[in-house]
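Working notes for the structure below.
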Amino acid sequence: MKNHIERVLFDEQEILKGIDRVAAEVTASYGSTEFTVVSILKGSCVFASDLIRRIPVPLELAFVAASSYGDGTTSGRLKLNFLPAEHEIQGRNLLLVDDILDTGRTMHAIKQELLKKGAADVQTCVFLDKPSRRAVEFESDYRVFEVENLFVVGYGLDFAGRYRNLPYVGALREEIYAQALAN
Ligand code: IMP
Ligand code: MG
């Protein structure tokens, strides 16, 4: 898989250092307020599992599933496949977690949906942020790293379902996705 990667942007050590920083911010900000981390599947499961283990206060974990990308590298229509049960949303303080904030459509839509279903508060936390790609006005409350406008994979992020298991984040070689999109 390594020969599909143009260059490594963040290695394992840098990633964990960045997550330590954000975990400390989240911990300080919630104080003694209990909250639920809501991980957006599938991409954020790797990030969420490292993040929660660095937050040393009581919290719960829930998942939502959304798919917007299909097999391409540009944002398609968003589909919410499932949400947490009502009792996990209503009156709760939620920390919505995603792998990457790109156009912003996914986070924006899911945050609105959770508020509509009665969440008391929804904060957001992303592993990567590509501000240059934003199509809707949306800023995340917490983010680990900002990235330039490159298609990146690894540490949960995929291209056509692959590369989620890479322990680092890398830019995918252009010929790999150009080839797949031409097929
Ligand atoms: P948004 O709705 O455009 O902000 O898209 C967010 C979703 O697009 C993320 O949850 C990712 O699944 C996917 N995505 C956006 N950029 C990338 C990338 O560079 N690599 C892999 N997935 C990406
Ligand atoms: Mg994805």
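The chain is numbered in sequence order, starting from 1. Whatever order the structure lists ligands and atoms in, that order sets their numbers, starting from 1.
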Could you establish whether Ile100 and ligand 1 come within less than 4.0 Å of each other, counting only heavy atoms on the residue side? yes

Could you tell me whether Lys42 sits above the aromatic face of Phe63, with NZ or CZ closer than 6.0 angstrom to the six-membered ring centre and within 45 degrees of the axis? no

What are the two closest non-hydrogen atoms of Glu139 and Thr124, and how far apart are they? O-OG1, 4.1 Å

N-O pairing of Glu146 and Arg134 below 4.0 Å: no

Which ligand 1 atoms, with their elements, are less than 4.0 angstrom from a heavy-atom of Asp158? 21 (C), 22 (N)

Among Thr36, Ile52, Thr27, which one satisfies side-chain contact (heavy atoms from CB on, under 4.5 Å) with Leu59? Ile52

Check contact between Gly104 and ligand 1, using heavy atoms of the residue and a distance below 4.0 angstrom. yes

Considering distance alone, does some N or O of Val152 sit under 3.5 Å from an N or O of ligand 1? yes

Is the closest heavy atom of Leu128 to ligand 1 under 4.0 Å? no

Side chain or backbone of Leu150 under 4.0 Å from ligand 1, or both, or neither, by non-hydrogen atoms? backbone

At less than 4.0 angstrom from any non-hydrogen atom of Thr103, what atoms of ligand 1 do you find? 1 (P), 2 (O), 3 (O), 4 (O)

Could you tell me whether Glu34 and Arg92 make a salt bridge, using a distance below 4.0 angstrom between a side-chain N and a carboxylate O? no

So, 4.0 Å and heavy atoms of Lys130: is ligand 1 close enough to count as a contact? yes

Which atoms of ligand 1 have any heavy atom of Thr106 under 4.0 Å away? 1 (P), 2 (O), 5 (O), 6 (C)

Below a 4.0 angstrom heavy-atom separation, can you tell me which part of Asp98, side chain or backbone, both or neither, approaches ligand 1? side chain

Residues Tyr155 and Asp50: side-chain donor-acceptor under 3.5 angstrom: yes

Below 4.5 Å, heavy atoms only, C-beta onward: do Phe127 and Phe145 meet side chain to side chain? yes

Can you tell which of Tyr177, Phe127, Phe151, Phe138 gets a heavy atom nearest to atom 22 (N) of ligand 1? Phe151

